[in-house]
Amino acid sequence: MSAASTHTRESIAHRILNGELLFILNGNLIAVPQSWLSAHPGGELSILHFVGRDATDEVQAYHPNHVLKKMLAFSQGPVQLSEDGWVPLLPPIATGWFRKLAPDGSLQWHNESTPEYSPEDTPRSPSSQILLVKKSDASLGSGPSPASIQAPPTTLSLKRQSQHSAAYQQLHKRVVAAGLYQTRYISGYGPEVARYVFFAISSFLLYRNQWFFFSAVSLGALWHQLVFFCHDLGHVGFTHNWQKDRLIAIFLADLIGGVSIGWWVHNHNVHHIVTNHPSHDPDIQHLPFFAITPAFFKSLYSSYYKRELTFDRFARLVITAQHRLFYLIMSLARFNLYRLSYHHLWITRREPRKARGGRWAWWLEVFALCGFFVWYGNVVRGCGPWQKGLMYLLVSNMVPSPLHVQIVLSHYSRSTADLGPTESFPHRQLRTTTDVICHPSVEFLHGGLHLQVTHHLFPRLPRHNLKEASYLVKEFAKEQGLEYAEFGFLAGNGEVQNTLRGVADQLRIMKMVADNGIEEAMKVKGQ
């Protein structure tokens, strides 16, 4: 195909401004139908964050071959590449732009956050912000705003990032050739199932003998371990069939654990693609209880929650002591999972019939959660006096709390910087993620997810194959000059504490500057 028949960067930008959903896959332009946004099993944000970008690495990491082949039907031909690869556009969602129905019934651009790139006048489209244009330059055509497209500002070399991406694709081929996507049902998951059965039977027998405290401990241990299996199911890493994995996950997560797998997948997919981004990653958006970067002091707009994360008086009070409150808050974190689960199901109740892989899944989750309330409610009430029931409720939900500490260890102390759309997939994951070193005898306590770096690069790998894959990833990181971060469990807790304390101290100093001037604040900083 001649260069004249390829899609230019300017033509793609113009089409995006007109509302099309376009991304690059293996040098080809993929046009996503608008109807697929709500139907996409990974959620609409997984698509919106890659509009105008080369999503080859991410798409291949999150989709099996048969899905990749189906995507070819939406290819519109090759794009015009620079000598260093595709020069990315900044997705509209990156600075808060969405398409919404106008009063006249048409879809119009709407900005839901404070623009990062302030134009001289009020914009009607993301052209001068999201696509980073100069109004004085040539027109894109008859689109909503005349301009020419420029490369997004970044401190990263496109050439170097393209090299990382090419090396990652070779690494991916090595992982596939090593058979690491193959699930070892007996040797891999057999011991885990044995633990699940042990904790379930123990909880039942202890409860029947009215040893309620120890029954609650066993039930909490069961929930703790089941989360890791449901994690694999959410990534379609068990049977590698979406329908089968989702059915098993609904039984274990919703019916047994009381947590919506649909919510978790929607949340977790976004976390994976925009890891540690303050405005976009829901896994670090925990105001008013935690802030791992001073960026949250600005009351950021969350593209995930579609609302402002208000940094109010209560948040100021809690954040100044967040390092001291960390373990107390984490001990009750499971109750927040319930809240997020039920809120997600409520706001998605009117989605189209084919939303997120199938409307049947939504209804099945609702029935499964009703079943959870029936059996768990009877268990709590069956303890007798309300004091014992409350004890059972708290203990069973607090025992899994180490899970929440384990999860944040891998990200809270890592970079939260936005390096722009030029950053490659492997560079971003290695920059924002760390492993937790532990002895093989206690790896099951971490569910195999102590190898978070490798998991973030290959999210569909069964957990029991992560260790073997991690050796390949470490070689890759060394060859590419990238940091492969890892620390022990205690050291990791110390790193998280330092991060939380550092942000709390900055907030305290800012308050002292406002109240007493900079000299007093400098004294505090020196202490």
Side-chain angles (χ1 to χ4, degrees), residues 185-186 188-234 238 247-261 264 327-342 365 367-407 438-450 463-464 489:
Y185 294 104
I186 303 301
Y189 286 102
E192 292 193 22
V193 173
R195 280 196 295 273
Y196 306 154
V197 173
F198 170 76
F199 286 130
I201 293 177
S202 296
S203 181
F204 173 76
L205 293 177
L206 290 165
Y207 185 89
R208 193 171 66 175
N209 287 281
Q210 298 188 4
W211 290 17
F212 298 127
F213 177 83
F214 295 105
S215 172
V217 170
S218 295
L219 178 59
L222 172 64
W223 285 344
H224 176 271
Q225 289 292 293
L226 282 178
V227 165
F228 301 122
F229 187 24
C230 292
H231 175 274
D232 278 8
L233 293 165
F238 184 59
L247 279 170
I248 299 171
I250 290 174
F251 174 76
L252 296 176
D254 296 71
L255 181 60
I256 304 301
V259 176
S260 165
I261 190 65
W264 181 85
Y327 295 107
L328 174 61
I329 294 173
M330 283 300 186
S331 70
L332 302 172
R334 189 174 180 87
F335 292 104
N336 189 47
L337 302 190
Y338 298 139
R339 180 188 68 85
L340 292 170
S341 293
Y342 311 146
E365 283 203 76
F367 285 121
L369 288 172
C370 289
F372 167 78
F373 279 112
V374 170
W375 78 259
Y376 186 60
N378 285 331
V379 165
V380 172
R381 286 193 297 270
C383 292
W386 69 267
Q387 295 91 338
K388 288 186 177 180
L390 179 61
M391 177 276 296
Y392 198 99
L393 176 73
L394 290 175
V395 171
S396 59
N397 281 281
M398 292 174 71
V399 167
S401 62
L403 165 71
H404 305 289
V405 175
Q406 292 166 319
I407 291 172
C438 62
H439 192 274
S441 62
V442 295
E443 286 180 351
F444 76 95
L445 293 176
H446 296 271
L449 289 178
H450 56 292
R463 283 172 294 116
H464 50 255
F489 184 74

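Both backbone and side-chain heavy atoms feed into the values below; hydrogens, waters and symmetry mates do not.
- For Val217 against Val395, the heavy-atom pair with the smallest separation is CG2-CG1, 3.8 Å.
- For His404, there are no side-chain hydrogen bond (donor to acceptor under 3.5 Å, both in side chains) partners two or more places apart in sequence or in a different chain.
- Looking at Phe335 and Leu394, their side chains come closer than 4.5 Å, going by heavy atoms from C-beta outward.
- Between Tyr338 and Tyr342, the ring planes are parallel. Angles under 30° get that label, and only those over 60° would be called perpendicular.
- Remark: Arg339 pairs with Asn336 by the side-chain hydrogen bond (donor to acceptor under 3.5 Å, both in side chains) rule, at least two apart or across chains.
- Take Leu445 and apply the side-chain contact (heavy atoms from CB on, under 4.5 Å) test, not counting sequence neighbours, and it matches Val442.
- Summarising the geometry, atom NZ belonging to Lys388 is positioned 7.5 Å from atom CE belonging to Met391; distances are rounded to the nearest 0.5 Å.
- Phe444 pairs by the side-chain contact (heavy atoms from CB on, under 4.5 Å) definition with Arg195, Gln225, not counting sequence neighbours.
- Annotation: side chain to side chain donor-acceptor pair (under 3.5 Å) contacts involving residues 213-222, sequence neighbours excluded, comprise Ser203-Ser215, Ser215-Tyr392.
- Remark: Cys230 SG to Phe238 CZ distance equals 11.0 Å, nearest 0.5 Å.
- Scanning for side-chain hydrogen bond (donor to acceptor under 3.5 Å, both in side chains) contacts around Tyr327 gives Asn493, with sequence neighbours left out.
- No side-chain heavy atom of Leu247 sits less than 4.5 Å from a side-chain heavy atom of Phe251.
- The side-chain hydrogen bond (donor to acceptor under 3.5 Å, both in side chains) check on Asn378 picks up Arg381, with sequence neighbours excluded.
- Evaluation of the salt bridge (Lys or Arg N to Asp or Glu O under 4.0 Å) rule for Asp254 yields no partner, not counting sequence neighbours.
- Listed by chain and residue number, His235, Trp264, His268, His455 satisfy the ring-ring contact (aromatic ring centres under 6.0 Å, His included) test with His231 (two or more places apart in sequence, or in another chain).
- Among residues two or more places apart in sequence or in another chain, the ring-ring contact (aromatic ring centres under 6.0 Å, His included) test is passed with Phe198 by none.
- For His224 and Phe199, the ring centers sit 6.0 Å or farther from each other.
- Applying the ring-ring contact (aromatic ring centres under 6.0 Å, His included) test to Phe214 and every residue at least two apart in sequence or in another chain returns nothing.
- Arg463 meets the salt bridge (Lys or Arg N to Asp or Glu O under 4.0 Å) test with Glu192, Asp232; sequence neighbours excluded.
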